[in-house]
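All heavy atoms count here, side chains included; hydrogens, waters and symmetry mates do not.
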2 protein chains.
Amino acid sequence: MKLEQATIKDIARELNLSASTVSRALKNYPGISSETKRKVKAMAEKLNYRPNAIALSLRHSRSFTIGVIIPEVVHFFFSTVISGIEEEAFSRGYNVILTQTNEKLIREKSSIDTMLSNQIDGVLISYSKETTEFGHFSSLLEKGFPIVFFDRVPEIPKAITVTVDDFGGAYSATKHLLNQGFSRIVHLAGPPNLKISQERLRGYQAALRDHGIEPDPAWVVPCFLGTDQEAQQVTTKLLHSLPQRPDGIFSHNDMTAVGAMMACKAAGLRVPQDVGIVGFSNWQFCSMVDPTLSSVYQPGFEMGVKSTALLLDWIEKKFKPEEADKSVILDTELIVRKSSVR
Amino acid sequence: MKLEQATIKDIARELNLSASTVSRALKNYPGISSETKRKVKAMAEKLNYRPNAIALSLRHSRSFTIGVIIPEVVHFFFSTVISGIEEEAFSRGYNVILTQTNEKLIREKSSIDTMLSNQIDGVLISYSKETTEFGHFSSLLEKGFPIVFFDRVPEIPKAITVTVDDFGGAYSATKHLLNQGFSRIVHLAGPPNLKISQERLRGYQAALRDHGIEPDPAWVVPCFLGTDQEAQQVTTKLLHSLPQRPDGIFSHNDMTAVGAMMACKAAGLRVPQDVGIVGFSNWQFCSMVDPTLSSVYQPGFEMGVKSTALLLDWIEKKFKPEEADKSVILDTELIVRKSSVR
DNA sequence: AAAGCCTATTCAAACGTTTGCAGTTATCCA
DNA sequence: TGGATAACTGCAAACGTTTGAATAGGCTTT
């Protein structure tokens with residue numbers, strides 16, 4: 001940009017000093033007379049001097065910028081996480097550069113490439129649904145480059161990850177339905193290559209078993225797109241195809257839960273009297289649908305804060321990744337609303 | 001970062017060439033023998049050379065990075081816009097650095113500051129609710145620094161802006177309610193310092209007038225927070241306080257529309273038979289509430305793409321801002337659902 | 001065989017900072 | 001008064017890249 005920003009040299013020229021003196025004066029180095037410091041600072045103020053972060057980056061091979069790679073911004077959960085990342089990074093003096101992969105592996109790889117050539121100090125990643133092998137991550141990790149994974153985390157030994165307790169959330173959601181007297185509970189499941197989907201499924205199954213019910217594979221139905229339309233179709237079919245009509249639905253996300261709810265209503269079933277429903281994520285709209293939707297709250301903001309804190313600690317060498325397992329699992333919380341209480 | 005990336009000098013050393021030759025060879029300058037070019041490229045490949053974007057930025061005083069300043073990421077509309085920005089910037093080889101202000105003026109100013117010291121090439125802004133004077137923008141604009149405003153745009157002469165047709169959207173929403181036979185229509189209004197709020201109010205009033213109804217100021221009720229709770233309270237009070245019960249609600253956003261809907265239901269009124277409701281933005285959940293909510297669609301993604309395209313064109317000097325009025329108003333579209341049709 | 005001219009390459013400065021080291025004063029003490 | 005010491009300040013290189021100008025050969029031309 002043309003934007004003629006004043007530089008250290010400008011200050012030096014104005015005051016007949018050398019650039020080094022000005023630099024030191026600005027940073028309060030000892031060995032610079034207080035008179036000079038005063039004059040330099042005054043002139044800096046006058047010229048509205050701002051250090052050139054690019055030059056600093058070049059000098060220090062540090063950019064004070066972290067990269068964030070996520071599947072999609074337009075996603076309540078992810079935007080909450082971003083908000084937390086932003087907050088922590090900002091308060092510690094870092095910038096955030098953001099790219100979304102739109103769930104494409106190629107874009108994931110090219111994002112990492114451009115970020116590296118921009119000398120970012122580290123990166124936060126939640127990988128795409130297409131990603132099934134993790135070579136592009138582990139090669140960087142081996143070189144000691146700081147990466148923290150959040151939400152969708154790979155099976156790489158020693159990788160630093162921040163997740164929520166998907167198992168626990170699913171367990172208590174299912175348990176809650178059972179306690180309310182629902183017993184024929186289906187699970188609308190997410191993409192099986194994501195660990196979060198696996199965990200939620202496991203939690204569902206564990207709760208059933210602990211209640212003396214052997215989970216039936218036919219009662220786990222795929223909803224991999226995760227949209228309300230898909231769930232609506234799937235549920236409608238479900239209500240007619242199963243020998244016994246389900247009376248409970250635990251869904252791997254809120255959109256699908258709402259889709260299921262719409263399908264039930266359309267089929268003349270009452271929620272929660274005839275069918276109890278619980279979702280996952282606790283999106284804003286849970287309290288806006290009718291009946292209001294019970295859901296498992298995931299602390300997205302905290303997840304952003306925590307993973308950023310870990311990344312920056314690593315970057316700033318406050319710990320060595322091999323030293324201790326720093327991975328974090330955040331608690332979920334079941335928010336009970338009307339859709340599951342009869 | 002330690003991450004020992006190979007540099008031009010490394011390639012030069014390996015091949016006993018000078019850095020300048022390597023640089024030129026990589027860029028296919030004429031005057032470099034094709035034999036040398038071949039060798040250089042092979043070596044670059046072998047060492048996995050990636051140009052150092054920081055050094056390039058310093059050299060060219062261009063960072064190929066644009067800044068985005070928005071009030072909040074966790075906002076369906078804004079995250080859609082971000083998605084569009086991302087898309088356009090990425091495809092034209094730019095990075096996006098993002099900050100949110102949380103609706104605070106101080107953070108708006110400090111964001112601009114840090115972005116400037118990071119040598120960004122230009123900035124996209126949707127300003128905070130607190131911002132009432134625009135000195136921090138106009139001083140930059142006068143220096144020729146590229147800024148494009150979107151959605152929330154200031155009253156600065158010649159500022160380049162991208163907005164949606166708020167007036168038209170509000171007009172057709174209100175008109176639609178009138179056509180459906182609703183006539184005592186209230187407006188839940190947004191913060192009056194935002195032009196979008198003013199425009200939506202104006203559109204509402206114009207539609208009433210064109211229908212022979214003189215707008216009554218008492219029927220415009222402030223909902224400045226824009227949350228569903230606020231709207232629920234406000235609406236409940238409204239239903240009891242006005243001499244004649246309203247039979248239509250046009251709300252400045254979707255959350256408040258849903259809040260109003262809940263209040264109506266709680267008061268025993270049927271939607272849409274007794275009260276017709278239309279929102280603004282067409283958030284995802286419009287089709288998930290019961291009854292589904294009519295709303296005015298705002299093309300968020302397009303807004304992101306368009307404003308980024310304008311900004312990059314400006315940065316790349318494809319036009320001079322003083323030459324022509326490049327501002328853009330995107331069309332809105334009324335999406336009619338059940339909440340407003342009887 | 002000298003002058004001219006390509007061609008291929010290198011030199012060196014620049015972008016804005018930081019920082020180890022060296023240099024210049026003034027001040028103090030003997 | 002000379003030398004040591006302290007207190008300031010300046011020099012120059014470095015980070016990785018680009019680029020105008022300079023240079024070194026080799027080849028043509030007359």
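Heavy atoms of B:Ile8 sit under 4.0 angstrom from primed sugar atoms or phosphate atoms, though from no base atom. Residue contacts for B:Thr7: at a heavy-atom cut-off of 4.0 Å it reaches the sugar-phosphate backbone alone, with no base atom in range. Looking at heavy-atom distances under 4.0 Å, B:Thr21 makes contact with a base. Within the nucleic acid shown, A:Ser57 has no heavy atom closer than 4.0 Å to any nucleic acid atom. Within the nucleic acid shown, A:Lys27 comes within 4.0 Å of sugar-phosphate atoms alone, with no base atom in reach, counting heavy atoms only. Across all strands, A:Leu17 comes closer than 4.0 Å only to sugar-phosphate atoms, never to a base (heavy-atom distances).
Here D:dT19 presents its P atom at 10 Å from CG of B:Leu56, a figure rounded to the nearest Å. A:Asn16 places its CG atom 13 Å from the P atom of D:dT9, with the value rounded to the nearest Å. Between the CG atom of A:Asn52 and the P atom of D:dG16 there is a distance of 17 Å, given to the nearest Å. If you take OH of B:Tyr49 and C1' of D:dT17, they are 7 Å apart, rounded to a whole angstrom. Between A:Asn28 atom CG and C:dT18 atom P the separation is 13 Å, expressed in whole Å. Counting to the nearest Å, the P atom of D:dT19 and the CG atom of B:Leu58 are 13 Å from each other. Counting to the nearest Å, the C1' atom of C:dA14 and the CD1 atom of A:Ile54 are 16 Å from each other. For A:Lys9 and C:dT17, the NZ to P distance is 9 Å, given to the nearest whole Å.
For A:His60, taking side-chain heavy atoms from C-beta onward, the closest of the listed nucleotides D:dT19, D:dG16, C:dT19 is C:dT19. When distances run from any side-chain atom of B:Ser18 to the nucleotides C:dT10, C:dA8, D:dC11, the shortest one goes to C:dT10.
Residues B:Arg59 and B:Ser20 both approach DNA chain C. Their nearest nucleotides, taken by heavy-atom distance, put B:Ser20 toward the 5′ side.
In this structure, B:Lys109 does not pair ionically with B:Glu130, as no charged nitrogen and carboxylate oxygen lie closer than 4.0 Å. Between B:Arg107 and B:Asp113, no side-chain nitrogen of the basic residue sits less than 4.0 Å from a carboxylate oxygen of the acidic one, so the salt-bridge criterion is not met. Taking 4.0 Å as the cut-off between side-chain N and carboxylate O, B:Arg92 and B:Glu88 count as a salt-bridged pair. In this structure, B:Lys46 does not pair ionically with B:Asp10, as no charged nitrogen and carboxylate oxygen lie closer than 4.0 Å.
Side chain B:Arg24 to base D:dG20: a donor-acceptor pair is found below 3.5 Å.
Counting only heavy atoms from C-beta outward, the side chains of A:Ile82 and A:Leu98 approach each other to under 4.5 Å.
Residue B:Tyr29 has a polar side-chain atom (N or O) positioned under 4.0 Å from OP1 or OP2 of D:dT19.
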